[in-house]
Amino acid sequence: MKKKVFYILILAILSSCNDVINNQPEAVLPIPSQEQIDWQKLETYAFIHFGLNTYNDLEWGYGNTPASTFNPVNLDCEQWVATLKQCGMKGVILTAKHHDGFCLWQTETTDYSIANSPYKNGKGDMVKELSDACKKYGLKFGLYLSPWDRNNSEYGREDYIETYHKQIDELTKNYGDLFEFWFDGANGGNGYYGGADETRSIDARKYYDYERARDTILKRHPNAMIFGGTCQTIRWVGNEQGWAGDTDWCMINPELSDNTKHLNHGSENGTHWIPAEVDVSIRPGWFYHKREDHQVKSVAQLTDIYYRSVGHNANLLLNFPINLDGKIPALDSLRATEWHEVIVNDFKDNILKNAEVRFDNERGRKFKAENVIDDDWNTYWATDDGYNFGTISFSFDKPVKMNRVVLQEYIPLGQRVKDFYMEGELNGKWFKINPFDTLSTIGYKRIVRFNTVELDKLIIYFEESRGPLCINNIEAYCAPILLTEPKISRNYDNIVTIESSDNEADIYYTTDGSNPDENSLLYDKAFVFNKKGIIKAITYDPISKKKSDVTVKELDLPKEYYQTSSSNKIFDGNTNSMVYLDIDEPIVITFKEEQNISGFRYTPNQMRDASRHIVDYEFYVDDVLIKKSSFGNIKNNPIEQVVKFKNINGKEVKFVPKSNTDKAKNCGIAEFSVITD
Ligand code: FUL
């Protein structure tokens with residue numbers, strides 16, 4: 001009897017210890033809501049930019065283009081959705097209204113809408129058609145509604161706010177479940193404004209009443225994420241190039257929402273859980289432009305974007321411009337589908353699945369280290385209180401090759417890891433396998449890429465964390481090689497250089513416009529190309545017989561054809577060498593012979609975080625003003641700007657900067673050239 005009591009006592013003591021041991025670590029604040037966790041698990045979804053801009057070759061319509069120009073004849077929303085589903089996208093967000101104010105749905109708030117276009121004799125409703133297609137194909141649906149409205153006569157005044165909230169009301173009421181609502185940050189400036197044709201500025205934090213917008217959205221769509229505005233639950237990542245910082249915290253301090261670096265990286269001490277969304281277009285522009293048909297991002301570029309967004313703890317919102325036919329162009333679909341195949345193949349065989357796991361600290365068996373390879377998101381390896389660090393290793397029966405490691409933290413308890421690094425062991429020898437000295441954050445997901453290594457043991461040192469470790473998943477892969485398309489540039493002396501980042505591979509090129517293959521000209525050294533023309537090139541690996549996508553470089557007339565007093569740096573093919581011109585200080589180019597002039601290219605500074613890009617400009621041929629306009633969206637998306645117009649014969653060209661993105665005295669110019677026919 002006595003013995004039994006003793007055993008019961010021992011069991012009771014053991015199980016109470018177990019309770020303590022089984023206690024989950026305390027949350028490290030702030031933590032995400034369940035909705036934010038569910039959103040983060042989507043990882044990739046699509047943006048669709050479509051509207052009046054599409055039919056007028058514009059990025060930022062002024063608000064005066066006639067509604068009658070919106071005229072898709074073969075529109076097929078199901079084609080969009082089927083394509084996007086095939087690319088692994090989990091949802092679609094549509095630009096229901098862009099800055100030009102044109103509404104793609106049957107709205108009572110304005111005449112500037114699809115109801116006054118020839119599409120379906122004014123009876124069409126793009127929001128309905130796309131949401132129906134999403135339902136049919138099982139994709140989530142979201143909406144972008146630009147707060148800035150360059151058409152509305154009341155913009156900037158009280159009345160517009162009522163109109164805007166009525167639009168939110170219509171869109172949240174009539175089109176089924178929404179998973180995300182997007183408020184663009186571009187606000188105020190010049191516009192048509194019902195004919196006033198003036199500049200209006202507003203205080204975006206106060207003017208739009210985002211609190212009311214949030215209430216309307218969440219009342220009907222409690223799971224929806226809100227992008228932008230003052231009540232955001234997810235944040236802009238601070239650029240439109242497709243990357244989140246390698247250090248990327250889900251937390252920020254909302255009062256620093258205008259600080260680019262803060263948006264890129266978040267903050268360890270951020271007070272609010274507002275994770276990053278990376279928005280980037282598959283083409284240079286957000287809307288379709290025929291002239292960008294050769295600039296669809298390559299599979300290698302898209303793959304890199306994936307690793308620097310989803311692989312950096314952010315979600316990827318990849319934009320697909322719809323063409324004039326009302327379709328996702330064939331090349332864009334092909335690239336996106338091939339890209340998805342690359343991603344699926346990169347993560348096909350998890351090398352850690354059957355590895356032997358060892359660790360230096362474990363918070364009881366419920367939080368055992370093996371949880372990181374059990375394929376269950378809800379179980380995790382946790383360390384004891386006070387152990388804000390830890391080491392885990394994976395041993396293999398025989399040496400394995402790897403070049404990717406995926407790590408995930410159990411974010412319902414907060415984002416913790418601040419610093420970690422990795423080593424490999426082969427035949428008793430240790431070596432570092434980090435691309436950098438140490439790696440910083442993990443969050444929902446971190447994917448580390450490195451050159452292929454062979455090892456029989458992988459060890460990960462978590463050096464510093466904001467609390468005990470809570471790691472729910474670790475995987476490793478050996479992704480197949482992916483060739484990156486080469487870079488083509490021509491300097492001031494007309495020397496063309498083609499460079500590839502794949503050292504072992506060959507480069508082939510053409511100068512006659514045809515697509516290169518392994519039978520084209522082999523590039524072995526730089527060459528002279530002193531005329532106008534197109535150079536195309538690929539990288540080719542003779543062993544695997546794989547080739548990259550094609551790089552296309554359009555080169556305009558070189559220096560032999562003109563005289564100019566502007567610095568060579570503008571014409572040297574180097575997008576990082578800059579010239580700064582005062583406002584009104586022109587670039588003047590005088591051709592030796594009369595030319596058929598049909599446009600120009602301006603490349604702003606391509607360095608990270610560059611500023612002072614030209615916004616408003618004037619372009620003259622032989623002192624006649626040919627174009628007075630502005631580069632829409634150049635601040636957020638400072639890509640090469642190509643402007644084309646009806647040919648005009650002339651000898652002297654004058655390009656005059658009139659304003660820049662930063663209200664600075666002078667404007668930055670990396671490259672400039674004149675397009676001739
Ligand atoms: C930007 C806008 O100005 C662009 O036109 C585009 O819609 C992009 C997604 O957001 O801020």
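Atoms within each ligand, like the ligands themselves, are counted from 1 in listed order. The first residue of the sequence shown is numbered 1, and numbering continues consecutively from there. Heavy atoms only: backbone and side chains are in, while hydrogens, waters and symmetry mates are out.
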With heavy atoms of [X] as the reference, note each atom of ligand 1 found under 4.0 Å away.
| X | answer |
| --- | --- |
| Glu240 | 1 (C), 8 (C), 10 (O), 11 (O) |
| Trp60 | 2 (C), 3 (O), 4 (C), 5 (O) |
| Tyr144 | 7 (O) |
| Asp279 | 9 (C) |
| Asp184 | 1 (C), 2 (C), 3 (O), 7 (O), 8 (C), 10 (O), 11 (O) |
| Phe47 | 9 (C) |
| Asn636 | 11 (O) |
| His99 | 2 (C), 3 (O) |

Within the side chain of Arg150, is there an N or O that forms a donor-acceptor pair under 3.5 Å with the backbone of Gly61? yes

Is a side-chain N or O of Ser131 found less than 3.5 angstrom from the main chain of Val127, in a donor-acceptor match? yes

Are Arg200 and Tyr155 in a cation-pi contact, defined as NZ or CZ under 6.0 Å from the six-membered ring centre and within 45° of the axis? no

Which residue and non-hydrogen atom of the protein lie closest to atom 4 (C) of ligand 1, and at what distance in Å?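 Here the nearest protein heavy atom works out to Asn633 ND2, 3.4 Å.
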
Look at atom 7 (O) of ligand 1 and say which protein heavy atom is nearest, naming residue and atom and giving the distance to 0.1 Å.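 That would be His49 NE2, 2.7 Å.
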
For this output row, return yes or no: ring centroids of [X] and [Y] closer than 6.0 angstrom.
| X | Y | result |
| --- | --- | --- |
| Tyr112 | Tyr192 | no |
| Phe287 | His98 | yes |
| Phe141 | Tyr175 | no |

Closest heavy-atom pair, Pro604 versus Ile634, reported as atoms and distance to 0.1 Å, is CG-CD1, 4.0 Å

Heavy-atom nearest pair, Phe631 first then Ile614, reads CD1-O, 3.3 Å

Please determine if His98 has a nitrogen or oxygen closer than 3.5 Å to a nitrogen or oxygen of ligand 1.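 By distance alone, the answer is yes.
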
Is there a nitrogen or oxygen of Trp286 sitting under 3.5 Å from a nitrogen or oxygen of ligand 1? no

